[in-house]
Amino acid sequence: MRRGPGSAAGLALVAGLALAVAVAGHATQGAELRLTVYAAASLRDALGVAGGTYERVAPGTSMVIGTDSSATLRTQIEQGAPADVFLSADQRNSNLLVDGGFADGEAVDFARNTLVIVVPADNPAGVTSPRDLARAGLKIVAAGDQVPINAYARQVVTRLAALPSYPADFAAAYEANVVSMEENVGAVVAKIELGEGDAALVYRTDALSASAVTVIEIPAEAAVTATYAGVVLKASPERAAARGFLDWLQGPDGVAILATFGFLPPP
């Protein structure tokens, strides 16, 4: 399996990802079939394993995987970037491709995720509870407005603010503490690992794969579940094969691999 480039900023990635696909295609000329998958950054490690497994399940298939923010990749696809399958960390971005006429068929839910709070391993700010996210002076790292994790995080904050034990201005205080907004959830986690922020709301799967963070749980009454959805792209020259991969990913074997990285099965 050949993996496309990781995170990069903005729409300039269109040319970069296209070039990476071309290079990968040159390197795999002997393969019968190449599938290019654009996927949410939070799927990077899991798809590394899933893609390699699928190459063995479907001999002659070569997987090329590029990861970034779901919103960034969706925009690239709308602007003509070549891909066969799009895997989003939410339903919204996949449905936008369906509504815009870029998808072959409806979006398919293939996984779920939950959110946790991460702080640097040594926790210099002494964060012990979600209440601390509203503490004056705390440095919160978030993602950009179009990144799915940001929408999920705001849902968590809204639910926390509604709890009787939380102050009425909790949501406003949280927003006032946000010191940076990153291009994807991987960049958010990296900043926390480097000690460039005191806390962040991220996917549980990213927290599990991080090496230098401490996890703080969110109370059940404020928990939010993220649903991941994928589509086969209408512009794909290999739509049948792309559908085969998406069906496999949401099936027992794909779900089992995703589960080893902390993902929950689809609803």
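- Considering every non-hydrogen atom in both Ala242 and Leu35, the closest pair reads N-CD2, 3.9 Å.
- Atoms CZ and OG1, on Arg92 and Thr227 in that order, are 15.0 Å from each other to the nearest 0.5 Å.
- Two residues are said to be in side-chain contact when any heavy atoms from C-beta on lie closer than 4.5 Å; Pro219 and Leu163 meet this criterion.
- For the pair Tyr203/Pro148, a side-chain contact is recorded, criterion being any heavy-atom separation below 4.5 Å from C-beta on.
- Distance CG/Asn93 to CG/Leu73: 9.0 Å, rounded to 0.5 Å.
- Panel note: side chain Thr214, backbone Ala121; a donor-acceptor pair is recorded below 3.5 Å.
- Taken together through direct or relayed side-chain contacts under 4.5 Å among Ile, Leu, Val, Met, Phe, Trp and Tyr, Phe245 and Val57 form part of one hydrophobic cluster.
- The distance from atom CG of Asn113 to atom CZ of Phe263, rounded to the nearest 0.5 Å, is 5.0 Å.
- Side-chain heavy atoms closer than 4.5 Å link hydrophobic residues (I, L, V, M, F, W, Y) into clusters, and following such links, even through other members, never connects Leu246 to Leu96.
- When all heavy atoms of Val147 and Glu183 are compared, the pair lying nearest together is CG2-O, 3.4 Å.
- Under the 4.0 Å criterion applied to side-chain N and carboxylate O atoms, Arg159 and Glu221 are not assigned as salt-bridge partners.
- Listed here is the closest heavy atom pair of Arg34 and Asp84: O-OD2, 3.7 Å.
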Check the pair Val116 / Ile216 against side-chain contact (heavy atoms from CB on, under 4.5 Å), numbers first and verdict last.
CA-CA 6 Å; Val116 295; Ile216 296 171; over 6 Å; no

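- Looking only at distances, no side-chain donor or acceptor of Arg44 sits under 3.5 Å from a matching main-chain atom of Ala39.
- Contact annotation: the side chain of Leu201 approaches that of Val157 to within less than 4.5 Å [non-hydrogen atoms, C-beta and beyond].
- Nearest heavy atom pair, residue Pro266 against residue Ala111, reads CB-N, 3.9 Å.
- Counting only distance, with no hydrogens or angles, the side chain of Thr114 and the backbone of Thr225 share no donor-acceptor pair below 3.5 Å.
- Remark: Arg131 is not positioned above the aromatic ring of Phe170, lacking an NZ or CZ atom under 6.0 angstrom from the ring centre and at most 45 degrees off the axis.
- In the hydrophobic cluster analysis, where Ile, Leu, Val, Met, Phe, Trp and Tyr join through side-chain heavy atoms closer than 4.5 angstrom, Val119 is grouped together with Val178.
- Judged by distance alone, with hydrogens and angles left aside, the side-chain atoms of Asn184 form no donor-acceptor pair with the main-chain N or O of Ala143 at under 3.5 Å.
- Within the 4.5 Å cutoff, no side-chain heavy atoms of Pro130 are placed close to those of Tyr174.
- Under the 4.5 Å side-chain criterion, counting only non-hydrogen atoms from C-beta, Leu115 is in contact with Ile149.
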Output, in order, the C-alpha distance, side-chain angles, deciding distance and verdict of side-chain contact (heavy atoms from CB on, under 4.5 Å) for Trp248 and Thr53.
CA-CA 11 Å; Trp248 175 85; Thr53 301; 3.9 Å; yes

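- The aromatic rings of Tyr228 and Phe110 sit perpendicular, their planes meeting at an angle over 60°, well past the 30° parallel limit.
- Nearest heavy atoms, Val98 versus Gly105: CG2-O, 3.7 Å.
- The structure places CZ of Arg239 at 4.5 Å from CG of Asp104, a figure rounded to the nearest 0.5 Å.
- Counting only distance, with no hydrogens or angles, the side chain of Glu193 and the backbone of Pro120 share no donor-acceptor pair below 3.5 Å.
- At least one side-chain heavy atom of Arg112 sits under 4.5 Å from a side-chain heavy atom of Pro265.
- Between Leu233 and Val85, every side-chain heavy-atom pair lies at or beyond the 4.5 Å cut-off.
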Show your working on side-chain contact (heavy atoms from CB on, under 4.5 Å) between Arg74 and Ile77 and close with a plain yes or no.
CA-CA 5 Å; Arg74 187 255 305 164; Ile77 290 166; 5.6 Å; no

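- Panel note: side chain Asp169, backbone Ala173; no donor-acceptor pair is recorded below 3.5 Å.
- A salt bridge links Asp145 and Arg154; the closest N-O separation between the charged side-chain nitrogens and carboxylate oxygens is under 4.0 Å.
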For Ile140 and Val179: C-alpha separation, side-chain torsions, deciding distance, then whether side-chain contact (heavy atoms from CB on, under 4.5 Å) applies.
CA-CA 6 Å; Ile140 294 174; Val179 295; 5.9 Å; no

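- When the side chains of ILVMFWY residues are joined at heavy-atom separations under 4.5 Å, either directly or via intervening members, Val255 and Leu87 end up in two distinct hydrophobic clusters.
- Between the side chain of Ser70 and the backbone N or O of Ala89, at least one donor-acceptor pair lies under 3.5 Å.
- Residues Asn177 and Gly137 approach most closely at OD1-N, 3.7 Å, considering heavy atoms.
- Here the straight-line distance linking atom CD of Glu196 with atom CD1 of Ile192 works out to 9.0 Å at 0.5 Å rounding.
- A salt bridge links Arg204 and Glu217; the closest N-O separation between the charged side-chain nitrogens and carboxylate oxygens is under 4.0 Å.
- In this structure a side-chain-to-backbone donor-acceptor pair under 3.5 Å is present from Asp198 to Lys139.
- Grouping the Ile, Leu, Val, Met, Phe, Trp and Tyr side chains by contacts below 4.5 angstrom, directly or via other members, places Val224 with Ile117.
- Here the straight-line distance linking atom OG1 of Thr205 with atom CZ of Phe261 works out to 10.0 Å at 0.5 Å rounding.
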For Ser180 and Glu182, run side-chain hydrogen bond (donor to acceptor under 3.5 Å, both in side chains): C-alpha distance rounded to whole Å, both residues' side-chain angles, the deciding distance at 0.1 Å, then the answer.
CA-CA 6 Å; Ser180 71; Glu182 304 303 313; 2.9 Å; yes

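- Of the possible donor and acceptor atoms, one in the side chain of Asp132 sits under 3.5 Å from a partner among the backbone N and O of Thr128.
- With hydrogens and angles ignored, the 3.5 Å screen pairs a side-chain donor or acceptor of Thr75 with a backbone N or O of Ala71.
- For Asp109 and Gln91, the side-chain atoms include at least one donor-acceptor pair closer than 3.5 Å.
- Residue-environment remark: CD (Glu78) exceeds the threshold of 12 foreign heavy atoms within 6.0 Å.
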